[in-house]
Amino acid sequence: MTSMKKIPNVLGARRSNTLDQERDQFERTQEASFRKAVNDEEVPVKTKHVRNLIIGTFTDKNTDLFWRNVAVCPPISTDVTGWKFCHCLHVVLRDGHPNVLRDSQRHINRIKDTGQHFRHLEHGYGRLINRYCELLIAKLKFHQHYPRFPGSLSVTPEELEALAENDANNYFELAVEMLEYMECILNLYEAVFSSLDPSRANSMTRSGQCRLAPLIPCIQDSSCLYDCTVRILFQLHKALPTDMLSGHRSRFYKQFKQLQQFYNNTRNLQYFKGLIQVPALPQDAPNFLIEAELRSHETPVVVVEEQHEAADTSDSLLIDTSEPEPPPIPPHPDLIDNHNGSLAEVVAERESLIEALHAELEAMRIEVQRSRSHATHNEEQLRLRINDLESTIAELDSELLAEKQSKESIMAQVEAAAASAEAVTRVADEETRRRSAEEKFLKMKDVYQKLRDEHIHLIRGKAELDKQLSMEQEAHASTQRSKDELAAALNRLQSQVTQDSEAHRSVTRIAEQEREMLNKKIFELTTERDKLAGQVRDLRDNISHLNTEMESQAQQATYQVTVVQNSWEGGVHKCVEGAVDGALIVVSHALSHFDLETHADIKCTPEYTLAYHALVVDSLTKLWSSYESYISSFHAAPYLITSISSTAHYIATFLLYAKATSHASPNIEHAENLVASLEQFAKECIDSLGRMRTKQALADILTTKERFERCCSLVSLCEDHSPGIEDMASVVQREMENMDTAIRDAVEKFTAMLENSRAKDTGTQLEV
């Protein structure tokens with residue numbers, strides 16, 4: 001029996017060791033793929049490494065291992081590693097397990113820090129990494145708001161309607177999110193193309209391809225976003241007015257031109273021609289005001305070609321094809337001969353034996369399932385590697401054909417220019433390159449042959465695994481037979497138990513006596529329990545009585561608080577009424593000065609009166625705001641009282657100064673209009689204060705402000721433009737200057753006349 005109990009532990013230990021080894025191998029493979037994908041070599045990320053990372057997310061159904069590798073191998077060591085990390089993360093978010101998006105949302109701060117780290121780098125990939133990090137954060141936040149969208153963003157029109165629940169509000173918010181997402185993609189495109197040297201064929205250089213490679217997932221995302229945005233905007237124009245959607249339309253039309261330019265530029269590059277079929281957008285953007293254009297809308301289709309890369313044999317997983325030792329079958333114990341204990345021991349031994357057999361069966365079942373899954377996984381890996389090799393061979397064939405064509409063209413040139421030594425040298429170089437290409441092709445062919453042999457060997461290993469599986473099934477059948485034998489032994493054991501029942505009768509009588517004693521003790525305990533139950537009932541009655549008293553006291557306290565609060569509110573409102581009465585007295589007193597003759601001699605300039613414009617407007621705004629707060633809660637009464645006092649003071653002062661300004665107006669009509677407007681403004685203010693006294697709703701503050709602005713505009717028209725003392729002085733000064741000028745001119749004329757007379761004088765004395 002001891003050996004039978006140890007069997008499950010041995011099987012569990014061996015299975016645990018095997019699973020741990022496979023897990024360690026898987027984690028090492030994932031880390032190696034991550035390191036090779038995010039290296040510091042300025043070349044595009046290889047698809048096979050990213051594919052391994054994607055397979056890892058489906059194996060674990062999360063991205064914990066991916067982000068653990070990011071922490072172990074930080075991508076911020078160089079700008080190239082940061083750029084390639086963003087590319088890998090974008091592809092994993094698109095094509096990885098559905099849980100990838102949810103798990104990566106916890107690492108938004110890490111992505112943001114990566115972008116900030118390279119933001120100040122003026123050369124290289126610094127600005128591109130910052131733009132790419134903004135795009136990745138926008139993608140994660142979009143999927144956080146709309147988790148039902150897949151990572152590839154590819155949805156049918158029916159699924160789009162279900163996601164938005166066919167609601168205009170949801171369509172509106174979804175359109176805004178998608179336009180912001182598209183803007184991040186276009187910003188990255190502009191940054192990438194602006195960093196390229198237009199004078200060189202950047203798409204055929206390694207550095208240029210490294211910069212252009214991340215635009216492939218951007219093209220895939222943008223095509224889906226464009227299709228969804230067009231359909232959403234058509235749905236919005238059905239449900240909402242067109243004026244409300246003018247911002248959406250203008251933003252979409254701007255992005256449409258940029259996206260069209262994006263697709264045209266990438267379609268013309270040689271690098272993209274063998275990797276992706278860029279969709280073509282229509283010449284003109286869709287007109288959302290015409291509903292019939294939705295039927296003519298065509299969904300852009302992006303076709304990504306399989307990238308041909310040389311297979312790396314170091315990345316392949318080695319399969320342990322050694323045949324595991326089958327678990328030993330426990331010996332059948334002689335239950336009848338060894339049955340010397342009591343009935344309980346026999347039953348315990350039987351149950352332990354059954355549990356051991358069940359554990360062994362479960363272990364075999366798990367082992368069989370693991371072997372099947374392992375063989376399926378290896379077969380899939382080999383199939384993928386064979387596809388990669390076949391594509392690589394096809395690429396080499398095409399290169400060889402191109403080299404042959406190039407050789408033929410060069411030979412034709414050599415025949416045309418046989419006398420040129422330079423042409424001969426070029427032919428020799430081309431011949432050398434052709435030979436190197438042929439050698440490369442032969443090497444790749446040898447590699448393919450080796451991998452093919454390895455694949456055949458692995459298929460044979462799979463056949464051995466199938467043979468092992470059949471052996472394990474036979475072992476399972478033998479275990480089932482053992483179980484049947486144990487059942488027969490159990491029947492024999494039951495007959496033996498029947499024979500031994502007489503030996504246990506004495507034990508049964510002793511047990512009955514003990515049972516009677518226990519019944520007496522139970523009776524005593526029951527009596528004591530009844531007493532305690534009575535005490536508990538008394539305590540519950542007391543508690544209910546205390547609860548009733550507490551509820552009545554709470555009601556009384558609530559009533560008293562209500563009475564105090566009402567009295568308090570009444571007192572506060574009386575204070576407000578007093579403040580309103582004081583304000584009415586101040587404004588009415590200022591208005592009464594309009595009819596006093598003594599006030600007619602007081603004059604004021606419009607500039608000084610308009611100095612109160614800002615004070616009055618600010619005080620009116622605060623008064624209306626504090627009154628609304630007071631209506632909501634009487635605790636705002638102090639602010640209302642302060643606003644009432646200050647507003648009444650400013651209004652009264654403005655009325656008096658504005659009236660004094662009307663006395664100085666040279667235009668009597670303007671003065672009369674100003675006085676009439678001031679009286680209307682004062683009456684509106686008095687009416688508003690009266691409404692505050694009775695807690696009524698106030699008129700619109702805009703009306704009161706418009707009346708006040710009318711008064712201010714009339715005050716500015718009352719300026720006296722008649723000439724004053726300073727103007728008369730300037731007139732006198734001007735006349736004096738004119739007089740001085742005239743006197744100077746006269747003196748000059750007299751001087752000229754004297755000089756003329758002297759010139760004509762001959763000196764002859766006249767005699768009378």
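Hydrogens, waters and symmetry mates are skipped; everything else that's a heavy atom, side chains included, is used.
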Using salt bridge (Lys or Arg N to Asp or Glu O under 4.0 Å) as the criterion, list what pairs up with [X], not counting sequence neighbours.
X: E173; answer: none
X: K112; answer: none
X: R35; answer: E31

Nearest heavy atoms of [X] and [Y], plus distance in Å:
X: L53; Y: F66; answer: CD1-CE1, 4.0 Å
X: H49; Y: S33; answer: CB-O, 3.8 Å
X: C88; Y: A37; answer: SG-CB, 3.7 Å
X: A579; Y: I644; answer: O-CG2, 3.5 Å
X: P98; Y: F58; answer: CD-CE2, 4.5 Å
X: T57; Y: G96; answer: OG1-CA, 3.7 Å

Using the side-chain hydrogen bond (donor to acceptor under 3.5 Å, both in side chains) criterion, which residues pair with [X]? Sequence neighbours excluded.
X: E177; answer: H145
X: R540; answer: none
X: R68; answer: none
X: K139; answer: H143, Y181

Just verifying a value: how many Å separate [X] [atom1] and [Y] [atom2], rounded to the nearest 0.5 Å?
X: C184; Y: L179; atom1: SG; atom2: CG; result: 11.5 Å
X: L93; Y: L136; atom1: CG; atom2: CG; result: 6.5 Å
X: R110; Y: I76; atom1: CZ; atom2: CD1; result: 9.0 Å
X: L236; Y: N170; atom1: CG; atom2: CG; result: 10.5 Å
X: K141; Y: I137; atom1: NZ; atom2: CD1; result: 6.5 Å
X: L140; Y: I108; atom1: CG; atom2: CD1; result: 5.0 Å

Check against side-chain contact (heavy atoms from CB on, under 4.5 Å), I232 and Q235: CA-CA 5 Å; I232 289 171; Q235 294 293 337; 5.6 Å; no

Using side-chain contact (heavy atoms from CB on, under 4.5 Å), reason through F149 and M178 one step at a time and then give a plain yes or no. CA-CA 12 Å; F149 265 93; M178 286 190 171; 3.6 Å; yes

Sequence-distant partners of [X], side chain to side chain contact (heavy atoms under 4.5 Å, CB included), two or more places apart:
X: Q696; value: R691, T694
X: R537; value: A533
X: N99; value: K61, H97, R102, D103
X: T81; value: V38, D40, S77, T78

List the atom pairs, donor and acceptor, that lie under 3.5 Å between side-chain atoms in residues 159-168 and the rest of the protein, sequence neighbours left out.
unit_1 : atom_1 : unit_2 : atom_2 : d
E159   : OE1    : T156   : N      : 3.1
D167   : OD1    : N169   : N      : 3.4

Under 4.5 Å between any side-chain heavy atoms of [X] and [Y], yes or no?
X: L153; Y: C228; answer: no
X: V70; Y: F34; answer: yes
X: D221; Y: H90; answer: yes
X: F523; Y: N519; answer: no
X: E628; Y: I631; answer: no

Evaluate the side-chain contact (heavy atoms from CB on, under 4.5 Å) criterion for residues C224 and S152: first the C-alpha distance (whole Å), next the side-chain angles of each, then the deciding distance (0.1 Å), finally the verdict. CA-CA 8 Å; C224 297; S152 61; over 6 Å; no

Please tell me whether Y132 and H87 have a donor and an acceptor in their side chains that are separated by less than 3.5 angstrom.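 No, no side-chain donor-acceptor contact under 3.5 Å.
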
Indicate whether the side chain of S104 and that of W67 have a donor and an acceptor atom separated by less than 3.5 Å.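 Checked: S104/W67 side chains pair up, N/O donor to acceptor below 3.5 Å.
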
Check the angle between the aromatic planes of Y146 and F142 and answer parallel, tilted or perpendicular using the 30° and 60° thresholds.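 Tilted: the ring planes of Y146 and F142 meet at 30° to 60°.
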
State plainly whether the residues K520 and E524 are in salt-bridge range, i.e. N to O under 4.0 Å.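 Not counted as a salt bridge, because no side-chain N and carboxylate O are separated by less than 4.0 Å.
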
Any side-chain to backbone donor/acceptor pair from S629 onto S625? Under 3.5 Å, distance only.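 Here the side-chain-to-backbone pair exists.
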
Side chain D60, main chain N62, donor-acceptor under 3.5 Å: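 No: the side chain of D60 does not pair with the backbone of N62.
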
Carefully, step by step, assess L623 and M692 under the rule side-chain contact (heavy atoms from CB on, under 4.5 Å). CA-CA 10 Å; L623 178 62; M692 291 182 185; 3.3 Å; yes

Got more than 12 heavy atoms from elsewhere within 6.0 Å of OH, Y639?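 At most 12 heavy atoms, drawn from other residues, nucleotides or ligands, come within 6.0 Å of this atom.
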
